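What follows is a single structure, written as structure tokens, with notes after it.
Every value quoted in this text rests on a predicted model; they were computed, and no experiment measured them. In listed order, ligands and their atoms are each counted from 1.
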Amino acid sequence: MTYLRVDVDFDALEHLISDAIGVLSAEGTVTAWSAAAASLTGITREDAVGRSLDELFARVDPPLGFAAVPMPVTLLTNDERRRAIHGNALSLDEGWFVSFGAQQRYDAIDQLKHEIIAAVSHELKTPIASIKAYATTLRENSGIAEADRAEYLSTIEQEADRLAHAVDQLLLAGRVDAEYMLTHRERLTAGALLDLALARLSASAAARVERATGDVALGGDPELLSIALAHLLDNALKFSGHETPVVVEAAASDGAVLVRVRDRGIGIATEHLPYIFERFYRSERSLTAPTGGYGLGLFVAREIARAHGGAIDVESAALSGSAFTLRIPERA
Ligand code: ADP
């Protein structure tokens, strides 16, 4: 570790560091505010100096406390856009040094929200038209053969499932926003998280999931995290045979909780792996499958993990199954 003890002029520092930076006094009021900080936050130097971060922002999360190493901090802007700005705060001998990065993550979430709404609204039309057509056929043809009747009813059922899935995605889009993600945090065990995720699946799908989750605890938004895990489970079940189980394990490792979903299904060819988290990416197989989704599941799951400071890793090979690992910091 190299320690620096320097007397440096803020103007010089500002030229050296292109990030938005500021200095706070021991009492927490701003004493210096760079031009980049002004342009990123929309708060001018004149407005910032002499005020505390609590006065300048709608929320400072977490509140500044002693930290010998830079601690991540999120500021929520006070304007109507309510942007979340991510940065780091380092406590000095007297006061604080803060630096902020761009708010790309939350811009991406905003973008995601619009795309989900656009894609799903479009997709809603097809199942509705098909349900209506089959229902009309059934009503108007009383003498319909039993085999055809069963087929039409099962199509109606599948289309209704697609609708339910689409509506879930829409509801999620409505919930995905920076402020929400910052406010809803609870402690929960991996087992409890799995229960919430399983409740999102049909009973027959949930019955195929084998649990090997310990009692490890993590912090986060139970609803969003259960949506992320449900997407991983849904895929594992969808892309593997009915006779093979899907196994969920949880373990603590290095300040994070790992929840791993393993299947013995069709796997993912190495050349497809880099793309599966992209929005609207679907394999050809999934395009033709009756349960095919919108190629948003993994994208949404990864955004949720990232919003918690975590990630999703994948190991997979064609024909030998896949393992998706949701990694969430213990104190997200
Ligand atoms: P979808 O709604 O199509 O499932 P996802 O974003 O959840 O969209 O997944 C994208 C693609 O990644 C899928 O279409 C599939 O090709 C692949 N994939 C995801 N999970 C698995 C898995 N467990 N096994 C095999 N392929 C998978």
Side-chain angles (χ1 to χ4, degrees), residues 108-109 111-113 115-124 126-127 158-173 176 194 197-198 200-202 205-206 208-212 224-249 258-307 311-327:
I109 285 172
Q111 179 78 14
L112 164 69
K113 194 166 164 171
E115 290 190 17
I116 293 177
I117 292 171
V120 174
S121 313
H122 177 76
E123 300 263 355
L124 280 173
T126 321
Q158 280 168 15
E159 295 297 335
D161 283 345
R162 276 182 82 92
L163 270 179
H165 184 69
V167 169
D168 275 352
Q169 300 276 2
L170 273 181
L171 290 176
L172 170 67
V176 171
L194 179 58
L198 289 175
R200 296 182 174 278
L201 307 178
S202 70
R208 279 177 56 207
V209 176
E210 279 178 16
R211 49 199 305 157
L224 290 177
L225 288 175
S226 70
I227 288 171
L229 184 55
H231 278 309
L232 300 183
L233 292 170
D234 184 49
N235 281 342
L237 293 161
K238 198 161 68 181
F239 296 111
S240 60
H242 284 281
E243 61 295 345
T244 65
V246 164
V247 180
V248 182
E249 299 150 320
L258 309 180
V259 183
R260 176 168 299 137
V261 178
R262 276 193 293 122
D263 68 64
R264 286 195 248 130
I266 62 169
I268 304 162
T270 318
E271 65 266 29
H272 292 293
L273 273 182
Y275 309 109
I276 56 169
F277 288 96
E278 281 177 17
R279 59 193 86 180
F280 309 125
Y281 179 83
R282 301 184 249 190
S283 66
E284 276 160 38
R285 167 117 186 206
S286 136
L287 279 172
T288 49
T291 46
Y294 304 107
L296 280 168
L298 286 180
F299 180 76
V300 167
R302 190 175 63 175
E303 284 306 312
I304 291 173
R306 284 183 172 172
I312 296 180
D313 306 319
V314 56
E315 288 162 64
S316 183
L319 304 176
S320 58
S322 315
F324 283 83
T325 306
L326 177 64
R327 185 153 41 86

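With hydrogens and angles ignored, the 3.5 Å screen pairs a side-chain donor or acceptor of S316 with a backbone N or O of I268.
Of the heavy atoms in L298, both backbone and side-chain atoms come closer than 4.0 Å to ligand 1. Counting heavy atoms closer than 4.0 Å to ligand 1, residue K238 contributes side-chain atoms (C-beta onward) but none from N, CA, C or O.
At a 4.0 Å cut-off, not a single heavy atom of G265 sits close enough to ligand 1 to count as contact. Look at F324 and you'll find a heavy atom under 4.0 Å from some atom of ligand 1.
You'll find the side chain of V248 reaches within 4.5 Å of the side chain of L233, heavy atoms only. The shortest side-chain heavy-atom distance between V209 and V261 does not fall under the 4.5 Å cut-off. Side-chain contact between R262 and P245 is absent, with no heavy atoms from C-beta onward closer than 4.5 Å. Between D263 and F239, every side-chain heavy-atom pair lies at or beyond the 4.5 Å cut-off.
Which parts of ligand 1 touch G297 is read off a 4.0 Å heavy-atom cut-off, strictly below it: atoms 5 (P), 6 (O), 7 (O). Under a 4.0 Å criterion applied to the non-hydrogen atoms of A236, ligand 1 contributes the atoms 23 (N).
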>> Using side-chain contact (heavy atoms from CB on, under 4.5 Å), reason through R211 and L198 one step at a time and then give a plain yes or no.
In response: CA-CA 11 Å; R211 49 199 305 157; L198 289 175; 4.0 Å; yes
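For atom 12 (O) of ligand 1, the choice among L232, D263, I276, V314 with the nearest heavy atom turns out to be I276.
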